[in-house]
Amino acid sequence: MRVAKVIVDVSTSQTNHTFDYLIPESWENIVQKGMRVSVPFGPRKVMGFVLEVSDHSEFDKLKPLDEVMDLTPVLTEELLQIGKWISEQTVSFYIQTFQAMLPQILKAKYKKEIEVLTDVEIAEELQQLFAGRAVMDFEEFVERNGNYSLLLKEVKNGHVQINYIVKSKETNKTKVFIAPNKEPYLLEEALEDTSNRAKKQKRILEYFLEQTTPIEQKQLITELSTTTATINQLVERNLLKKIEKKVYRDPFQDTDFERSKSLPLSGQQQTAIKPIWQAIEEKQDEVFLLHGVTGSGKTEVYLQAIERVLDKGMEAIVLVPEIALTPQMVQRFKSRFGSQVAVLHSALSAGEKFDEWTKIHKKEVNVVVGARSAIFAPFENIGIIIIDEEHETSYKQDEQPRYHAREVAKKRGNYHHCPVVLGSATPMLESYARAKKGVYHLLEMPDRMNEGEMPPVEIVDMRDELYAGNRTMFSRNLLEAIKTRIEKKEQIVLFLNRRGYSTFVMCRECGDVMKCPACDIALTYHKSSHQLKCHYCDYQIAMVKECQACNSKTIRYFGTGTQKVEEALREHIPEAKVIRMDVDTTRRKGSHKKLLEKFGNKEANILLGTQMIAKGLDFENVTLVGVLAVDAMLHLPDFRSSEKTFQLLTQVSGRAGRHKLPGEVIIQTYTPEHYSIQLASQYHYQQFFHQEMQTRRGFRYPPYYFLTLINVSHPNQLKAQEVTKTICKLLFKHLSDEATILGPTPSPIVRINNRYRYQCMVKYKDEPNQREIIRKIQEHYYDDIHRNDLTIQVDFEPYSLM
DNA sequence: AGCACGCCGACT
DNA sequence: GTCGGCGTGCTC
């Protein structure tokens, strides 16, 4: 007897363990751990992952597996182990983690259908729906308002049965090819038999007399200017045949990659790469922190480390933050390693992601470049893992399982005995502290390539501008600088951390601010659509003409978003051509790439954008970077706001003067004296590190302490508060005296989508029982969560405190 | 999750 | 007395 231990696709604590199923004899040699199966679960069928295959079970009445969904395992032994570990670390359900490790498309799709079993008359009403068919989709039954209780009666009678079907969403893209189906002489005969009126058919037959190799239908149609109808007639006459071929969707098919070779390494690059090479050779699972200023040539170090790995016949994973995964970065990897590279990031369609994943799974590639989830690439012989821009927040998943790619990377490095390289110009405080302690191996690259200097940074105090009577959003210096660059035909990058037009809309008469009815937040005005939008839920209304509270017409826009800046630029510098890049202009697939290409081709002078333009961009003609306002970010209720500001300013500054032309940076702010801004402007990472560490120590924040954030939400404010209070009490009771428990506190945004949000924060050094306690708390609230619309989110080492 | 089982109020 | 309401608990 062979038994499969299966985690089923039902996401609750009650089913968060394996269920045993009998493997039918005929499949005994087929079913392996890591495969997806379809199993009967109660009255229905669900998808599940085989975690183990064994020869006995504690249960006596086992049901057999229903179906095996994969030919080869989709999760390796290693990934199964890591999946269990992540689930435990993040207090998630196993199924959630395994799902997160695979491309979306491999998730199961569920379908119900109704089947008539007997020739016996079934109820008239049902017969009409079936209209003579034996099977019908349950969906159709619902759509056509079928009588459900009547159906159940017939099910009880045994006349009708409900089938549960588990399908994979997986689809392979196919292309249709046309090929001759007869010997040439037979085609020639057919040609003569064809009526002279059927000119197009004759033309096609003639083509295949000369050309016997299959041709893609699309191409045939354009070449002979014909239609599918004509081809189909020939196919029907059995003269031609259609062949369906599976093809990979190639997201980069229109892009040419010029092959590049290794560049000679500078002195500091050599010093940095040697220990990495050594770790590769000696199969050491060492973690390196590569601290290199922007433009110091980190990417070349990555590339040559990977070359060494590939020479040894091993594989490499490279993680890049979501937004920095610009075509530029992909370009560099593709041009160095060609078709050995698979790319996985959010701009790909689900189908494209699946195809890229398949290449990895089939070992057709040995390098993966991708965002967070690419850390789960199913390689089995990894020689190096690289995480670029290590401090980026996108490496932490913001839904369950809330894992951090860096921690998974270290775990995988352990397993494969290979180095992990964390690269950044502004490492996270936690990482740099670990490097200083010797937990990570610190590699420093303090100089820019080719003796380039970091561009000088000028800080403009916007309060002075106001005193001087300048009420625009551009300081005189910035405006002047923009104008000179445009004259010199150089390019400009302008950064603003806020999309939309204005941050809030207020009535001047009564001071009423337009707020979202479902969230505790002001609405943002979007000028292009002339709407007020909530950035936290999908609420949007047409812009109001008069104040809702006092009916006055004196409504004013406050705060500045990218749309407003774009408009102001047109007004102040009519000759400027501006490209705006934010979530609103890059929502469509491929638009991100298109906008950047346009800017690269110098079709615009100014690139204006939010966060997404801060990283990875490298345009040689950019000589001025302007930061319009950093103050909003600096004053967020987040202990990392100083660090985030420092990182952002450093990253943005790095966009200027990366090549021959000298660069310049102008930062506008209302708090020029702040140490984040001061030190960023002088590129003093070390000094910033020391100063910020002191603050963190004082407030008992990371890296001195670990944090756990528990977020509770409920439609009723009192309920949310009360539950949070109880959770705080329970934690206080069960955690050690060393832990600090803060709360219950209202979240920075108390209400989102009509749900009230409260939180509890734990600061601790070592609490081995913490996860177990939290699991128990969640189980204690099982009923409230399932039937009473309560949610309890737990985030270990959170990035966002909102 | 989704469904069956089972225990209390309004009906032919 | 029965139908059906929803609270409770199980699914290998």
Side-chain angles (χ1 to χ4, degrees), chain A residues 1-25 27-28 31-69 80 84 87 91-100 104 107-115 123 137-139 141-142 146-158 160-169 399-401 719 775-776 778-793:
Chain A
M1 178 179 82
R2 303 244 77 193
V3 174
K5 299 195 176 281
V6 176
I7 291 284
V8 294
D9 181 18
V10 178
S11 205
T12 39
S13 56
Q14 286 176 332
T15 51
N16 193 32
H17 57 86
T18 55
F19 287 79
D20 292 359
Y21 288 91
L22 193 69
I23 301 175
E25 254 173 58
W27 290 344
E28 277 188 0
V31 177
Q32 292 170 47
K33 56 168 90 170
M35 283 181 176
R36 293 171 307 150
V37 288
S38 162
V39 293
F41 195 66
R44 62 213 163 107
K45 274 173 192 141
V46 297
M47 189 270 272
F49 290 95
V50 179
L51 284 210
E52 236 167 293
V53 178
S54 139
D55 45 17
H56 61 271
S57 171
E58 313 265 290
F59 284 84
D60 35 1
K61 27 183 205 279
L62 294 187
K63 289 185 184 175
L65 292 177
D66 186 60
E67 201 185 327
V68 185
M69 297 173 72
L80 288 174
K84 284 189 221 167
S87 307
V91 193
S92 308
F93 304 126
Y94 295 115
I95 189 71
Q96 292 176 317
T97 309
F98 293 135
Q99 300 272 35
Q104 250 274 312
K107 270 198 187 168
K109 196 171 102 187
Y110 296 95
K111 209 178 104 173
K112 273 199 267 191
E113 58 179 35
I114 312 162
E115 188 181 357
D137 276 3
F138 189 79
E139 230 170 88
F141 181 82
V142 174
N147 184 335
Y148 189 65
S149 53
L150 195 61
L151 179 73
L152 286 182
K153 240 178 226 163
E154 293 290 12
V155 171
K156 268 194 186 143
N157 292 340
V160 169
Q161 161 182 303
I162 297 180
N163 298 328
Y164 297 84
I165 296 163
V166 183
K167 279 170 103 181
S168 178
K169 286 186 202 157
E399 56 189 53
Q400 291 281 51
K719 175 78 182 172
R775 259 215 208 270
K776 283 202 179 124
Q778 280 180 334
E779 261 153 48
H780 174 243
Y781 282 107
Y782 184 87
D783 271 18
D784 268 339
I785 290 167
H786 283 258
R787 291 188 244 286
N788 199 2
D789 207 9
L790 177 76
T791 63
I792 301 175
Q793 285 180 353

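We name chains A, B, ... by the order of the sequence lines, and we start the count at 1 in each one. When reading the values below, keep in mind they use all heavy atoms of this one structure, side chains included, and skip hydrogens, waters and symmetry mates.
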Distance in angstrom units between [X] [atom1] and [N] [atom2], rounded:
X	N	atom1	atom2	answer
A:D783	C:dT8	CG	P	7 Å
A:R787	B:dG2	CZ	P	14 Å
A:M47	B:dA1	CE	C1'	14 Å
A:N163	B:dG2	CG	C1'	17 Å
A:I95	B:dA1	CD1	P	13 Å
A:I785	B:dA1	CD1	P	10 Å
A:L151	B:dC3	CG	P	12 Å

Practice task
Kindly check if the number of other-residue, nucleotide or ligand heavy atoms within 6.0 Å of CD (A:E28) is above 12?
Solution key: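 Count over threshold, so yes.
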Would you confirm whether [X], through its side chain, and [Y], through its main-chain N or O, come within 3.5 Å as a donor-acceptor pair?
X	Y	answer
A:Y21	A:S38	no
A:Y164	A:Y110	no
A:R2	A:H56	no
A:D66	A:V37	no

Hey, what are the protein-to-nucleotides 10-12 of chain C N/O distances that come in under 3.5 Å?
{"residue": "C:dC10", "atom": "N4", "partner": "A:Q14", "partner atom": "OE1", "Å": "3.3"}
{"residue": "C:dT11", "atom": "O3'", "partner": "A:G42", "partner atom": "N", "Å": "3.2"}
{"residue": "C:dC12", "atom": "OP1", "partner": "A:Y21", "partner atom": "OH", "Å": "3.3"}
{"residue": "C:dC12", "atom": "OP1", "partner": "A:P40", "partner atom": "O", "Å": "3.2"}
{"residue": "C:dC12", "atom": "OP2", "partner": "A:K63", "partner atom": "NZ", "Å": "2.4"}
{"residue": "C:dC12", "atom": "O3'", "partner": "A:D20", "partner atom": "O", "Å": "2.7"}
{"residue": "C:dC12", "atom": "O3'", "partner": "A:K63", "partner atom": "N", "Å": "2.8"}
{"residue": "C:dC12", "atom": "O2", "partner": "A:D20", "partner atom": "N", "Å": "2.6"}

Exercise for the section: Give one of base, sugar-phosphate or nothing for A:K112, where a contact means two heavy atoms less than 4.0 Å apart. Expected result: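 The answer is sugar-phosphate, as A:K112 gets under 4.0 Å only of primed atoms, P, OP1 or OP2.
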Exercise for the section: Determine the contact category for A:Y110: base if any of its heavy atoms lies under 4.0 Å from a base atom, sugar-phosphate if only primed atoms, P, OP1 or OP2 are that close, otherwise nothing. Expected result: nothing
Practice task
Would you check if there is a donor-acceptor pair between the side chains of A:T97 and A:S92 at a distance under 3.5 Å?
Solution key: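 No.
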Practice task
Show your reasoning for whether side-chain contact (heavy atoms from CB on, under 4.5 Å) applies to A:S13 and A:F93.
Solution key: CA-CA 7 Å; A:S13 56; A:F93 304 126; 3.8 Å; yes
Problem - Counterpart residues, ring pair (Phe, Tyr, Trp, His ring centres under 6.0 Å), relative to A:H17 (two or more places apart) - result: A:F19
Exercise for the section: Run the numbers on A:D9 and A:F49 for side-chain contact (heavy atoms from CB on, under 4.5 Å), then give the verdict. Expected result: CA-CA 8 Å; A:D9 181 18; A:F49 290 95; over 6 Å; no
Collect all protein-nucleotide pairs involving nucleotides 4-6 of chain C in which both atoms are nitrogen or oxygen and the distance is under 3.5 Å.
none

